[in-house]
Amino acid sequence: MRALAWRVTVDRVRCMGSGICTALAPGLFTMDGERSHGPDGECGPDEALLDAADSCPAGAITVVEDGRVIGPRD
């Protein structure tokens, strides 16, 4: 059985650099200049990633699992 893997993307055009994601998930997001940068490649499931996607004021963070968008949550 394959372990779950999530892919996180940050739309750097939409990102407004609020830093909420870095506050909610400091080990997973960093600021790169005035924009956020998420984890590279696939990462393990982490509720903090979904919280960051839910809280992003620009809606710039997307979390995907097995080709299905799971974050932000409705």
Side-chain angles (χ1 to χ4, degrees):
M1 182 173 187
R2 195 180 104 201
L4 291 178
W6 289 1
R7 181 166 297 276
V8 179
T9 58
V10 177
D11 182 333
R12 292 178 54 82
V13 173
R14 291 181 72 177
C15 177
M16 56 190 274
S18 71
I20 292 173
C21 58
T22 61
L24 291 172
L28 300 167
F29 291 91
T30 58
M31 294 302 289
D32 181 11
E34 295 181 0
R35 301 291 185 253
S36 175
H37 181 74
D40 289 324
E42 293 183 340
C43 56
D46 190 323
E47 188 70 19
L49 292 169
L50 293 174
D51 292 343
D54 293 344
S55 300
C56 178
I61 301 170
T62 304
V63 182
V64 175
E65 176 184 82
D66 290 330
R68 181 177 61 92
V69 173
I70 61 169
R73 298 169 280 201
D74 293 330

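Values below: all heavy atoms of this structure, side chains included; hydrogens, waters and symmetry mates excluded. The model shown is predicted, which means the values in this text are computed figures rather than measured ones.
- Judged as a side-chain contact (heavy atoms from CB on, under 4.5 Å), and not counting sequence neighbours, the contacts of Ala58 are Met16, Cys56, Ala60.
- Taking every heavy atom of both residues into account, Arg35 and Cys15 meet most closely at NE-O, 3.0 Å.
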- Task: Starting from the C-alpha separation in whole Å, work towards a yes-or-no answer on side chain to side chain contact (heavy atoms under 4.5 Å, CB included) for Thr30 and Ser36.
- Result: CA-CA 6 Å; Thr30 58; Ser36 175; over 6 Å; no
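- Tracing side-chain contacts under 4.5 Å through hydrophobic residues (I, L, V, M, F, W, Y), one reaches Leu28 starting from Val8; they form part of the same cluster.
- Residue pairs that meet the side-chain hydrogen bond (donor to acceptor under 3.5 Å, both in side chains) test with at least one member in residues 6-21, sequence neighbours left out, are Trp6-Glu65.
- Among all heavy-atom pairs drawn from Ala53 and Val63, the shortest one is CB-CG2, 4.1 Å.
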- Message: Determine whether Leu49 and Cys43 satisfy the following criterion, side chain to side chain contact (heavy atoms under 4.5 Å, CB included), listing intermediate values before the conclusion.
- Response: CA-CA 10 Å; Leu49 292 169; Cys43 56; 3.6 Å; yes
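- Pairing each heavy atom of Leu24 with each of Ala48, the nearest pair is O-CB, 3.9 Å.
- The shortest non-hydrogen separation linking Val10 to Gly38 is CG2-N, 3.8 Å.
- Taking both residues in full, the closest heavy atoms of Gly71 and Leu50 are given as CA-CD2, 3.9 Å, listed atom of the first, atom of the second, then distance.
- Listed by first and then second residue, the side-chain hydrogen bond (donor to acceptor under 3.5 Å, both in side chains) pairs involving residues 44-63 are Glu47-Arg73, Asp51-Arg73, Asp54-Arg73 (not counting sequence neighbours).
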